[in-house]
Every structure is written in C-alpha cells, then in structure tokens.
Amino acid sequence: MKEKKAAAFPQGRILYTEGDSSLNPHYIELYRNACKKYGLRLQFGTYDPNLPATEGLSACRMEDGSQECVPQFVINRTRNERLAECLEQAGICVFNSSFVTKIGNDKAEAYRYMQQRNIPIMPTVYGTRQPPQWYPAVVKSCDGHGGTEVYFVQNKEEWQRWKEQSRQETKRYVIQKAASDFGMDVRVYVVGNKIKAAVLRRSRTDFRSNYCLGGHVRMYRLSAVERELAERVIDGLSIGMAGIDFIFHQGQMVFNELEDVAGARGLYTLTDYDIVDDYVKYITEQMTDIMKKS
Ligand SMILES: Nc1ncnc2c1ncn2[C@@H]1O[C@H](COP(=O)(O)OP(=O)(O)O)[C@@H](O)[C@H]1O
Ligand SMILES: [Mg+2]
C-alpha cells in the first residue's frame, strides 16, 4: 500500500554541470524543501561535460549513485541545450524547455529570435570581423555570464586595442550599439510564463549592472507598456523559470538577454516572495496534469 503511494509521486532530477561555480548547496536545499512540501521526489545530479550530451542521463552522475529509474521531470541547470533536447526526446519534461536554454545561453541566437519577433534590441552586428558601426559600442561573447565577457568600447583606438588583446580568442562575439542609459537594467522574473516580479539593478561605478559585480537592486514596477513588451517576449516560449533582462535606451526598455539559469539572490533580499517555492508549485501542477492525462 505504502509503495503504491510513493510511486504516484513524480520523480525528478535537478541537474548541474560538474564543476559549475554557481552550484550553491543552499539553493539546492530550497528546491529540496519545496519538492518535499509539494510531494515531488527530487534527486541531485551532475552532468559530466566530457561526455556527449546526446547520452542524456547516462552522461550524468546521480547523488545516490543509482540510475535505475527514468525521472518524469528534470530541472535543467546545466545550460546545455543538447542535453535538454535529448531528455525531451526521451519523453521527460524538462524545465526550462531546450529552446529557452538555447536562447538563454547564446546571445546571437537570442537577438536573432527577438529581431524576428519585432522585439526591440540595440542595433547588433554578429561577429567581430568588422569594426563597430557606432561608438560607444559594447562587445560581448555569445555565451558569457555575469558581465565578465562584456566590454565597453568608446572609440576606434579602444576597438583596435580590444581586437589586439583578443587576437587568440576563439569565442563568438556580438557587437552592439551602447544603450544611452548606462549602468542599469531591469530583470523581469518569470515563472510558468507569467511575470512574477521585476527588479531594477543599477551600478554606480560600472556600465554593467550585474548584481554579482556589485550592482544595487530594488523592486521595480513595470509600466503598462513595459509589461506588454515583457509579455511579448514570453509569448511563444515555454518558460518554467527565467529572468528576462532589459536595458534602457532613451528611457525605453530594450531586450538585453534571457537568463535561463536565473539566480534569485537579489530578489530574496528584497521580498518575501519565494520564487523557488512558486516554481516547484508550477512544476507540480504541470506534472499532475500530465500524469492525469497518461
Ligand atoms: N548594448 C548595451 N548597452 C549598454 N549597456 C549594456 C549593453 N549590453 C550590455 N550592457 C550592460 O552590461 C551588462 C552585462 O551584459 P549582458 O549582455 O547582460 O551580459 P552577461 O550575460 O554577461 O550578463 C548588462 O546587464 C548591462 O548593464
Ligand atoms: Mg546579463
């Protein structure tokens, strides 16, 4: 009797890439507690980046060493779109969907997608063969995070210096016109395709407003126009939980990036809203729906 009941609980995995410096035991504990509260079973696992992502769960190590049962859902915090795709093909519900992981971890893909959907972005050139078409410009790697691979280029001389320094680089980059309102952005937190909160991040010392670089945060109230823009970005995507970041050009919000593996430290310091709890609640509802249908 007891065993039958346990089998009805959706089984899940939360996956990180081995050696990921953003792996935070406290954050995983938040997931575990929320899963316990909602009756989900969650196991922690790591993806070995030396193995092909196409091997799916066989390329992952689970905390208790077992691989025996295929989970019903995966919370994918590996940033690996191929792994997500492979798990989806095996019939596993993956949060976020592989497409969200793709545009969340490749700025060129994200800007192309947003351009196709008429979402405003700063004028963008894909690649750094040609010098910027405008100064000041911002040069950023397609797969960077936390502002560490984002460079401000004031003029031709700075561009030549950047080019010289990055001669050996094999990374892909985009060049953008610098937005006029430096050092600030708004992160819109989304759970289950719905806007849940927005924070304004501002730096007093840097053109980059990343929280991990010392940006200050406060809650932000979106105007009706801004909310409508954020909703247009969300529309057509399948977001479990993500941050959508906007910068400001002449006072108008412009899409900057989608953060697939959104950290929520800033949000937890500002409000009682428990985004992990809300996310796990959403996953529970999704899984309950799917299990009812099958
Ligand atoms: N085109 C731009 N104009 C002005 N500031 C920018 C521009 N692009 C990025 N920034 C600033 O740099 C920060 C980091 O850039 P971002 O594209 O978000 O890269 P990362 O993924 O490393 O956070 C942004 O939060 C924003 O404050
Ligand atoms: Mg950013």
Side-chain angles (χ1 to χ4, degrees), residues 17 20-22 77-81 96 100-115 119-128 131-155 158-159 162 166 169 171-190 198-218 220 226 229-230 233 239 241-267:
T17 300
D20 180 352
S21 58
S22 73
R77 296 190 64 94
T78 65
R79 298 187 182 277
N80 192 313
E81 165 223 345
N96 292 314
V100 169
T101 297
K102 175 174 169 169
I103 63 171
N105 294 286
D106 185 333
K107 289 186 172 70
E109 291 284 354
Y111 292 133
R112 282 205 183 93
Y113 173 80
M114 297 303 160
Q115 269 183 316
I119 303 290
I121 61 167
M122 290 312 292
T124 301
V125 170
Y126 300 91
T128 51
Q133 297 175 8
W134 343 257
Y135 291 107
V138 173
V139 183
K140 41 193 179 181
S141 71
C142 290
D143 64 353
H145 302 286
T148 54
E149 293 170 358
V150 181
Y151 309 94
F152 192 73
V153 179
Q154 288 271 19
N155 49 39
E158 282 192 13
W159 164 253
W162 184 84
S166 60
E169 278 280 2
K171 281 185 168 283
R172 288 161 55 233
Y173 286 90
V174 294
I175 308 175
Q176 282 193 325
K177 181 174 178 174
S180 61
D181 310 348
F182 287 171
M184 62 183 271
D185 73 351
V186 162
R187 167 160 294 182
V188 176
Y189 284 96
V190 176
V199 300
L200 176 75
R201 304 181 298 185
R202 195 190 278 274
S203 171
R204 294 195 188 106
T205 52
D206 200 299
F207 79 98
R208 296 164 298 179
S209 45
N210 298 68
Y211 185 61
C212 50
L213 296 178
H216 293 263
V217 285
R218 67 168 169 81
Y220 182 79
E226 290 168 349
L229 174 60
V233 173
I239 298 177
M241 193 244 275
I244 302 176
D245 297 349
F246 296 89
I247 49 179
F248 287 85
H249 186 59
Q250 289 162 4
Q252 304 287 313
M253 236 169 63
V254 175
F255 172 84
N256 184 46
E257 70 166 333
L258 187 150
E259 182 52 79
D260 159 47
V261 180
R265 264 183 306 156
L267 193 60

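Ligands are counted one by one from 1 in listed order, and the atoms in each one are counted from 1 as well.
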Practice item. Applying side-chain contact (heavy atoms from CB on, under 4.5 Å), name anything that partners P123, two or more places apart in sequence or on another chain. Key: W134, K177
Exercise for review: Under 4.0 Å from a heavy atom of V150: give me the atoms of ligand 1 that qualify, with their elements.
Suggested key: 12 (O), 14 (C), 15 (O), 19 (O), 22 (O)
Exercise for review: May I ask you to check whether F152 and F182 place their ring centres under 6.0 Å from each other?
Suggested key: yes
**Study point:** S209, S203, A179: member with heavy atom nearest to atom 3 (N) of ligand 1
**Key:** A179
Point to revise | Element-labelled atoms of ligand 1 that are located less than 4.0 Å from some non-hydrogen atom of G146 | key: 20 (P), 22 (O), 23 (O)
Practice item. Note the single closest protein heavy atom to atom 7 (C) of ligand 1, along with its residue, its atom name and the distance in Å. Key: I247 CD1, 3.7 Å
Point to revise | Check: Q250/S180 side-chain N/O donor and acceptor closer than 3.5 Å | key: no
Check your understanding: To which protein heavy atom is atom 22 (O) of ligand 1 closest, and what is the distance rounded to 0.1 Å?
Key -> G147 N, 2.6 Å
Review point. To the nearest 0.1 Å, how far is atom 12 (O) of ligand 1 from its closest protein heavy atom, and which atom is that?
Key: R208 CG, 3.4 Å
Exercise for review: With heavy atoms of K107 as the reference, note each atom of ligand 1 found under 4.0 Å away.
Suggested key: 16 (P), 17 (O), 19 (O), 20 (P), 21 (O)
Check your understanding: P120 and M253: which non-hydrogen atoms are nearest, and at how many Å?
Key -> CG-O, 4.2 Å
Point to revise | Test item: side-chain donor near acceptor, D185 and Y220, under 3.5 Å | key: no
Point to revise | Nearest heavy atoms of D260 and R79, plus distance in Å | key: OD2-CA, 4.1 Å
Point to revise | Proximity flag H249 to ligand 1, non-hydrogen atoms under 4.0 Å | key: no
Point to revise | Side-chain ion pair, E257 and K140, N-O less than 4.0 Å | key: no
Exercise for review: Return the residue, atom name and 0.1 Å-rounded distance of the protein heavy atom closest to atom 16 (P) of ligand 1.
Suggested key: N256 ND2, 3.5 Å
Practice item. Among all protein heavy atoms, pick out the one at the shortest distance from atom 25 (O) of ligand 1; state its residue, atom name and that distance to 0.1 Å. Key: D185 OD2, 3.1 Å
Point to revise | Element-labelled atoms of ligand 1 that are located less than 4.0 Å from some non-hydrogen atom of H145 | key: 21 (O), 22 (O)
Review point. Going from CD on E81 to CD1 on I103, what distance comes out if it is rounded to the nearest 0.5 angstrom?
Key: 10.5 Å
Check your understanding: Are R201 and ligand 1 in contact, using a heavy-atom cut-off of under 4.0 Å?
Key -> no
Exercise for review: From the options E259, E257, K140, select the one whose nearest heavy atom is closest to atom 17 (O) of ligand 1.
Suggested key: K140
Practice item. Please write down residue, atom name and distance for the protein heavy atom closest to atom 11 (C) of ligand 1. Key: F207 O, 3.8 Å
Check your understanding: Would the W162 and Y173 ring centres measure less than 6.0 Å apart?
Key -> yes
Check your understanding: Distance from K107 atom NZ to I121 atom CD1, nearest 0.5 Å?
Key -> 13.0 Å
Point to revise | Protein N, O or S within less than 2.8 Å of the Mg ion (ligand 2), waters excluded | key: E257 OE2
Check your understanding: Which atoms from ligand 1 have a heavy atom of K177 less than 4.0 Å away?
Key -> 1 (N)
Point to revise | Carboxylate-amine/guanidinium contact D143 R172, below 4.0 Å | key: no
Check your understanding: Given the rule in the side chain to side chain donor-acceptor pair (under 3.5 Å) test, do Y111 and D106 qualify, once you have shown the distances and angles that lead to the verdict?
Key -> CA-CA 9 Å; Y111 292 133; D106 185 333; over 6 Å; no
Point to revise | Nearest-neighbour protein heavy atom for atom 23 (O) of ligand 1, which is reported as residue plus atom name and distance | key: N210 ND2, 2.8 Å
Check your understanding: Tell me, which protein residue and heavy-atom name are nearest atom 1 (N) of ligand 1, and how many Å apart are they?
Key -> Q176 OE1, 3.0 Å
Point to revise | Atoms of ligand 1 close to A178 [distance to a heavy atom under 4.0 angstrom, numbered from 1] | key: 3 (N)
Review point. Which atom names give the shortest non-hydrogen contact between G146 and N210, and what distance separates them?
Key: C-ND2, 3.2 Å
Check your understanding: Is it true that K171 and E149 make a salt bridge, defined as a side-chain N closer than 4.0 Å to a carboxylate O?
Key -> yes
Review point. So, R204 and H216: side-chain donor and acceptor under 3.5 Å apart, yes or no?
Key: yes
